[in-house]
Amino acid sequence: MTILKVLLIILIILVVIFTVLYFLGRKMQKKQAEQQATMEAVAQNLSLYIIDKARLKPAEANLPKIVVDSIPKYMRRFKLPIAKVKAGPRIMSLICDEQVFSQILPKQEVKATVSGIYITSAKRIRGPVPEPKKKKKFLDRFRKKTTESIDQKKANNEKGKKENKISKKK
């Protein structure tokens, strides 16, 4: 009987937690949609020359003081994808979208859509075509060695069989 009461209390607590999370999620989605609409309204197309790109903390990124102050305290510890760009005669640091950060390369000219200090999209004008880097997994090193060794064993076996056939013919 006490186990049933404990399970019932845990079930009620879980239902309350999921309900609260559901409504908070909906509220956050609405807020994100409004922010996205605002970013699209303010967006500009610019021609940028990418000087450098790196993941830096907001304080190290040479961003305006107003921007650094407006970042929530818990986000100040995280590193952001930052691109140092030249737009006309001005050199500035801009925050990139994750997809844009992986696409752009240093010493490259791009046509970018910029909303404030945030690069939302970029298309290459001139320069090398960026190739996405494949992340190496820990076990890939061992798999590569084992597949190579298996291929070598097969090649050695076939070579040995051919040599045996040749020696038998003589």
Side-chain angles (χ1 to χ4, degrees), residues 13-152:
I13 291 171
L14 287 174
V15 168
V16 169
I17 289 172
F18 283 125
T19 306
V20 168
L21 288 175
Y22 173 75
F23 286 111
L24 284 176
R26 285 185 52 188
K27 185 177 177 182
M28 296 292 272
Q29 280 182 336
K30 288 179 185 176
K31 190 175 180 181
Q32 183 186 18
E34 291 172 4
Q35 289 175 349
Q36 191 69 28
T38 305
M39 284 181 67
E40 289 174 2
V42 182
Q44 304 175 7
N45 290 329
L46 298 174
S47 179
L48 303 174
Y49 179 74
I50 309 297
I51 298 170
D52 191 22
K53 70 174 193 170
R55 290 189 182 278
L56 301 169
K57 291 182 180 180
E60 302 168 351
N62 214 11
L63 295 172
K65 185 169 177 23
I66 297 170
V67 174
V68 174
D69 291 340
S70 67
I71 295 174
K73 291 194 184 225
Y74 67 91
M75 285 293 291
R76 291 181 188 172
R77 290 179 276 147
F78 296 113
K79 293 184 176 183
L80 300 173
I82 304 289
K84 188 173 184 180
V85 300
K86 183 175 182 181
R90 294 183 61 194
I91 295 176
M92 57 186 131
S93 296
L94 300 176
I95 302 171
C96 294
D97 191 36
E98 284 295 331
Q99 292 176 335
V100 174
F101 189 74
S102 63
Q103 289 176 353
I104 61 175
L105 293 175
K107 312 284 189 275
Q108 184 183 51
E109 193 171 346
V110 295
K111 216 37 152 170
T113 304
V114 179
S115 180
I117 62 162
Y118 194 73
I119 301 174
T120 56
S121 68
K123 293 180 183 172
R124 181 182 61 84
I125 296 176
R126 284 183 227 108
V129 178
E131 295 180 16
K133 295 180 181 177
K134 294 182 180 179
K135 293 185 179 179
K136 293 183 180 179
K137 295 181 182 176
F138 178 72
L139 296 176
D140 284 346
R141 288 185 258 166
F142 302 113
R143 288 183 187 146
K144 186 176 181 180
K145 289 178 185 175
T146 56
T147 55
E148 287 176 0
S149 62
I150 291 170
D151 292 340
Q152 288 175 353

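All values reported here derive from a predicted model rather than from experimental measurement.
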Task: Test item: Q108 and Y49 side chains (from C-beta on) under 4.5 Å apart, heavy atoms - done: no
Open item on the list: What's the separation between atom CD1 in I50 and atom CD in Q103, rounded to the nearest 0.5 Å?
Closed with: 11.0 Å
Task: Electrostatic pair K86:E109 at N-O distance under 4.0 angstrom - done: no
Task: Rounded distance [0.5 Å steps], CZ in R76 versus NZ in K57 - done: 13.0 Å
Open item on the list: Rounded to the nearest 0.5 Å, what separates atom CG in L14 from atom OG1 in T19?
Closed with: 10.5 Å
TODO: Determine whether more than 12 heavy atoms belonging to other residues, nucleotides or ligands lie under 6.0 Å from atom CD of Q99.
DONE: no
TODO: Classify the side-chain pair S115/T120 by whether it contains a donor and acceptor separated by less than 3.5 Å.
DONE: no
Open item on the list: Just checking I66: does its CD1 atom have more than 12 heavy atoms from other residues, nucleotides or ligands closer to it than 6.0 angstrom?
Closed with: no
Task: Which atom of L63 lies closest to which atom of S93, heavy atoms considered - done: CD2-O, 3.7 Å
Open item on the list: So which atom in L80 and which in M75 form the shortest heavy-atom distance, rounded to 0.1 Å?
Closed with: CD2-CE, 4.5 Å
TODO: Give the minimum heavy-atom separation between I82 and F101, together with the two atoms involved.
DONE: O-CE1, 3.8 Å
Open item on the list: When you compare the side chain of I119 with that of V110, does any pair of heavy atoms fall below 4.5 Å?
Closed with: no
Open item on the list: Would you compute the distance between atom SG of C96 and atom CZ of R55 and round it to the nearest 0.5 angstrom?
Closed with: 9.5 Å
- [ ] With rounding to the nearest 0.5 Å, note down the distance linking CG in L94 to CG in L46.
- [x] 8.5 Å
Task: Passing candidate, side-chain contact (heavy atoms from CB on, under 4.5 Å) with K84, options L56, I91, N62 - done: I91
Open item on the list: Exactly one of L48, V85, N45 should register a side-chain contact (heavy atoms from CB on, under 4.5 Å) with V114. Which one does?
Closed with: L48
Task: Spacing of OG1 belonging to T38 relative to CD belonging to E40, to within rounding of 0.5 Å - done: 9.5 Å
